[in-house]
J.: 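Structure incoming, see below.
Residue numbering restarts at 1 for every chain, and letters A, B, ... go by the order of the sequence lines. For the numbers below, each heavy atom of this structure counts, side chains included, while hydrogens, waters and symmetry mates do not.
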Number of protein chains: 2
Amino acid sequence: MEKFDYSALSFKSLKTLKLIYDLGSLTAAAIELGQNQPTISYTLDQMRAALQDPLFVRSGRGVAPTSRCHQIMPEIDKLLRGMSELLQPEEFEPSNANLDVTISCNQYELQIIVPSLVERLNRLAPNIRMAFIQSHVSGHRQLQRGLCDLLLSPVVRDYEALYQRRLFKDRYVCLMSAAHTLAKQPIGLDDYRAAKHVEIHYEGGWKPFYLSAPELQGVNLNVALSLPSVSNLIPTIASTDLLMTLPERLARLIGGSMLIKDPPFISDFELCLYWNKMTHHSKAHQWLREQIIDICSTLDSPRSTT
Amino acid sequence: MEKFDYSALSFKSLKTLKLIYDLGSLTAAAIELGQNQPTISYTLDQMRAALQDPLFVRSGRGVAPTSRCHQIMPEIDKLLRGMSELLQPEEFEPSNANLDVTISCNQYELQIIVPSLVERLNRLAPNIRMAFIQSHVSGHRQLQRGLCDLLLSPVVRDYEALYQRRLFKDRYVCLMSAAHTLAKQPIGLDDYRAAKHVEIHYEGGWKPFYLSAPELQGVNLNVALSLPSVSNLIPTIASTDLLMTLPERLARLIGGSMLIKDPPFISDFELCLYWNKMTHHSKAHQWLREQIIDICSTLDSPRSTT
DNA sequence: GCGCTGTAATCAAATTTTTCCATAATAGAT
DNA sequence: ATCTATTATGGAAAAATTTGATTACAGCGC
């Protein structure tokens, strides 16, 4: 006797079996299911072959379950309930959603967005585990390849197969010591070119947007200091005449008592949230994306500078 | 959007889904299942409709599961395992078999068989719950109607739709006080007819077999005492000249110091175990029937009498 | 960037499974 | 024993699955 392959059985078979069990009659089950009686017999035959047991025997006006049938009925119930739950539209309750999320971003987003996000998720959805990876220059590739679920990036572009949502605007400003030569005057283009600059060199060779400003084309900035991260920027340049050009929100966040001044060019940019089709339909991820959008919409707008 | 009816889904669909998940490729899944690729696409389409989610999205050479897909895969695993177990041939382990059994019989079987059976089941299969009901004269009817699972009866007959197995033979003997007038001699037919008899009157009007002996045809026994049960028989007749005709095994069991003598006729009978098709295929019931058969085969054969 | 390659999606036809209708067999019930 | 209600069976119709051929798509190498 070869092993029976249960693949062929459908949930309808189980449902039918249970109905026969409950009603004690094939005919009644047929009526209930809006089918006719031979159909029920046919299904029952399949189950009999599958389970190697008559399952029901004629008895009085109808059928009575066999011992085996009694035995398996609770299991069948479980399977039916399991399937029913499986097809429930994904119901998402932040407070007990269990989820792993990987978010790719760089220093800027880690500083500006991530703290609020972590705080909020920790409060509203404590069972969501977050992992942050660095985007470097290939965030969209990471996302396309499923290495992360979300990308926070200042690059606004229509990547193929990615969804996006703009979060907020920012622009570059100049950060310098209050004692800086240029502290008391608007910074002209010549001043800017002549100044001693600090740069952050990102892995992968990414260059900040402001370098693409028309006013800086063909100009080699005088880079007096190159750092791998903004983390120790302020103490490093606080008492120097070095000048750092960086996003305004970041400048305000870490700048302390340093001076923030308009640069001699316009370099607005937008921060964008990207995701892919893998998480697009997920209720949990939809909620998560909304949280990020909400956080960003309520970030303080930076005040204008001198 | 109307509620999806999961009935149509078969376990094959789930199996296919899991295979795509494990292999990350529809084509590979198709090969593994010995089908061709559009078939897998077709099945996936069904699941997509059912679950309202793409489940897999194209990614690199193959497909990657969506968030929802990750989420439901453990459930699908559970369902597949559940179904697989359901189709396992009923494996029966006495020590942890959980079962309800109803056995129909009368006083004789309750005295002769049931104590050993209860002891044995309590020892080997402590989770089998037994209920004993009285057969009266309609034991086979009870069995046919599913009111009991087993019938122990001395009536050997081919009832329709019932299975049977003979257990052991017995015969009727005469039980009397050692001081009885007939104590010192073989009992002749005239002695027997002249004696003062005790009878047990069973509910339903059942008459013991020995009354059908050819030697007693047309004879009205002199019934001096009629009791509803054998339970208080011995103390009642111990010091009288009453004579009780009853099955030998019962006589030996309850007779104490009373005298057992051959009656002036032959009245052998056999005890039989009956069951119906509802329990015929059940491994548990098969085992249970074997236990009863075994117990009966090892009952002491009654020694012959004077 | 542009074709190449491997993979999934789509379509119509072939096949298989399921359902239906009519009818026979069966087991209780009158 | 006959009657009635119910399940089983068989052949035809309907529906579904599977197939083979083809198209569309996404990475990858050049």
J.: Identify whether the distance between the nearest side-chain nitrogen and carboxylate oxygen of B:K18 and B:D77 falls below 4.0 Å.
T.: yes
J.: From the set D:dT18, C:dA9, D:dT7, return the single nucleotide nearest to any side-chain atom of A:S25.
T.: D:dT7
J.: When you measure from the side chain of A:Q52 to the backbone of A:A49, do you find a donor-acceptor pair of N or O atoms at a distance under 3.5 Å?
T.: yes
J.: Let me know the distance between CG of A:D45 and P of D:dT9, rounded to the nearest Å.
T.: 7 Å
J.: Of all the heavy-atom pairs spanning B:L19 and B:A29, show the shortest one and how long it is.
T.: CD2-O, 3.8 Å
J.: Only one of B:P154, B:S135, B:S153 forms a side-chain contact (heavy atoms from CB on, under 4.5 Å) with B:N106, so which one is it?
T.: B:S135
J.: Quick check on the helix from C:dG1-D:dC30 to C:dT30-D:dA1: what's the angle between its two end axes, five base pairs per end, to the nearest 10°?
T.: 30°
J.: Among residues 28-41 of chain A, which contact DNA chain C at a heavy-atom distance under 4.0 Å?
T.: A:Q35, A:N36, A:P38, A:T39
J.: Suppose the criterion is ring pair (Phe, Tyr, Trp, His ring centres under 6.0 Å): which pairs have a residue in residues 49-85 of chain A, not counting sequence neighbours?
T.: A:Y21-A:H70
J.: If you take all heavy atoms of A:L143 and A:N276, which pair is closest and at what distance?
T.: O-ND2, 2.8 Å
J.: Rounding to a whole Å, what distance do you find between A:Q46:CD and C:dT19:P?
T.: 8 Å
J.: Taking the ring centre of each residue, are A:Y210 and A:F269 less than 6.0 Å apart?
T.: no
J.: Under 4.0 Å: is that the gap between some side-chain N or O of A:R141 and OP1 or OP2 of D:dG27?
T.: no
J.: What is the separation between atom OH on B:Y42 and atom C1' on C:dC11, rounded to the nearest whole Å?
T.: 14 Å
J.: Is the phosphate of D:dT18, meaning OP1 or OP2, less than 4.0 Å from a side-chain N or O of B:K12?
T.: yes
J.: Would you please indicate if the ring centroids of A:Y274 and A:Y163 are separated by under 6.0 Å?
T.: no
J.: OP1 or OP2 of C:dA8 sitting under 4.0 Å from any side-chain N/O of B:T27?
T.: yes
J.: Would you find a donor on one side and an acceptor on the other, under 3.5 Å apart, between the side chain of B:R289 and the backbone of B:H280?
T.: yes
J.: Please write out the pairs of protein N or O atoms and N or O atoms of nucleotides 25-30 of chain C separated by less than 3.5 Å, giving the distance to one decimal.
T.:
unit_1, atom_1, unit_2, atom_2, d
C:dT26, O2, A:R58, NH2, 3.0

J.: Go through the structure and list residues passing salt bridge (charged side-chain N to carboxylate O under 4.0 Å, His left out) with A:R166, not counting sequence neighbours.
T.: A:E270
J.: I need the CG-P distance between B:L19 and C:dA8, as an integer number of Å.
T.: 12 Å
J.: Using whole Å, what does the distance between atom C1' of nucleotide D:dT17 and atom CG of B:L44 come to?
T.: 15 Å
J.: Going by ring-ring contact (aromatic ring centres under 6.0 Å, His included), name the residues that satisfy it together with B:F132, two or more places apart in sequence or in a different chain.
T.: none
J.: Could you state the CG-P distance from A:L26 to D:dT7, rounded to the nearest angstrom?
T.: 4 Å
J.: Which whole-number value in Å describes the distance from B:L55 CG to C:dA8 P?
T.: 15 Å
J.: Would you kindly give the CZ-to-P distance between A:R48 and D:dT7, to the nearest whole Å?
T.: 10 Å
J.: Quick one, A:D268 and A:D170 - any side-chain contact, counting heavy atoms below 4.5 Å?
T.: no
